[in-house]
Protein chains: 2
Amino acid sequence: MRELDDTDLEILELLTADARRPYKEIADHVGLTPPAVSDRISRLEEQGIIQGFTIDVDREKLRGDTPVLVELEPKPDAVDDVYAAAADLDGVEELFEGMDGRVIVHATVPDASVRSWLESRLDLADLTGYDGTLLARSDRIVGLSADGFSLECIVCGKTITDDGVTATVDGEIKAFCCPSCEKRYLSRYESHRDALE
Amino acid sequence: MRELDDTDLEILELLTADARRPYKEIADHVGLTPPAVSDRISRLEEQGIIQGFTIDVDREKLRGDTPVLVELEPKPDAVDDVYAAAADLDGVEELFEGMDGRVIVHATVPDASVRSWLESRLDLADLTGYDGTLLARSDRIVGLSADGFSLECIVCGKTITDDGVTATVDGEIKAFCCPSCEKRYLSRYESHRDALE
DNA sequence: GATGAAACTTGGGCACG
DNA sequence: CGTGCCCAAGTTTCATC
């Protein structure tokens, strides 16, 4: 599969901010022609990077509802059932399942108790407990800003592209432009640490 | 402001599922013509119900990152700082702030410790604690399947609009048409509870 | 890069409350 | 009389070559 380059990332950012932008406008930003942009977007869709075109709906404004985050603690053998049932709850926007089996639901619930809302779809006997928190605010972050840290390979100094790799060394994130630089660094680090110990 | 009708909801659902659908297709679904659909969508944008057109990006696929949910417990006077700093973290998709002051971050973090990732943007001294959970899976739910329960203020019986407010009373979410109804209810509740204790 | 096809927007007119 | 919708033409945008 073709690797992503900076142009792809830029296109993704532009579309995330406004998916209705004309291809011409995107093309000008990234220095391509509209058909080339079209090709890339099609490819990103095929690769599953772009999962779809959609709208951001302010569900709170939609009705007089209350945004909440509900944490469900399913019994160990009921995790899948709880997850599936929670997906059917009225007003659910997002679902998360943690590695620890917890299911977290982001929803706007009608003016009612969380308990009766939960009971409308799932069996509370499947839970060992639950906890709801009203949300004061929430934001979706646009921008993929892959550049947070150093963007230069600490081994060879080259700018790190999407081909780059990262490793955790002693709790620190290290970024490298390529696997070979990573390997070189790690071996040096190992010998250094061995010398200390 | 014009009230939303079922046709608006249907349009929102169709756009949520696929925002690139031609207006003609939407028009056929809801029994209107394309210009009428266009008008409604424009109005929904003006009302802020539609916050924008965007794409769903599979950020996990984008890089080899790990999806996590991190719960931050800011010190009481640092909630805003923590929230703002968390928004700058690399790979953040969503942010939630609970009424209890907790800040929950949904992100895909580079292959590294959560701790060092947090430290890249925020001062851990602002926190009394934090907790990260790796995510086994997550889903965004399409479909607004609205109209559930009562939408009436429990104090005055008036229909609750966007001016409405909510409060949590004894684990129950209560909704009011206005702050004064809320205040009235809360004072009644307080005296009631005091009487019981 | 250019062309054909399709979609969106605009303006005028009508029906309904 | 205002709101919302339909119809038709003009213009931009998109996809294919």
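Labels below follow one simple rule: chain letters A, B, ... track the order of the sequence lines, proteins then strands, and each chain is numbered from 1.
At a threshold of 4.0 Å, the pair R102(B)-D100(B) counts as salt-bridged, since one of the basic side-chain nitrogens sits closer than that to a carboxylate oxygen.
Although no hydrogens or angles enter the test, the distance criterion places no donor-acceptor pair under 3.5 Å between the side chain of T133(A) and the main chain of G98(B). At least one donor-acceptor pair closer than 3.5 Å links the side chain of K75(B) to the backbone N or O of A125(B).
Rounded to an integer number of Å, the gap from I26(B) CD1 to dA6(C) P is 19 Å. One interatomic measurement links the two molecules: CG of D39(A) to C1' of dG1(C), which rounds to 13 Å at whole-angstrom precision. Taking atom CG on L32(B) and atom P on dC14(C), their separation rounds to 21 Å, with Å as the unit. The interatomic distance linking D5(B) (CG) with dC5(D) (C1') rounds to 13 Å, in whole Å. As a whole-Å value, the separation of R21(A) CZ from dT12(D) P is 20 Å. dA6(C) atom P lies 17 Å from atom OH of Y23(A), rounded to whole Å. One atom, CG of D8(B), and another, C1' of dG4(D), lie 12 Å apart when rounded to the nearest Å. One can place CD1 of I41(A) at 15 Å from P of dT13(D), the figure rounded to the nearest angstrom.
P35(B) comes within contact range of at least one nucleobase, with a heavy-atom separation under 4.0 Å.
The phosphate of dA15(D) (OP1 or OP2) has a side-chain N or O of S38(A) nearer than 4.0 angstrom. Dashed line: the shortest gap from a side-chain N or O of T33(B) to OP1 or OP2 of dC5(D) is not under 4.0 Å. For dC5(D), the OP1/OP2 oxygens have a side-chain nitrogen or oxygen of R40(B) closer than 4.0 Å.
Nearest heavy atom pair, residue M99(B) against residue L135(A), reads CE-O, 3.8 Å.
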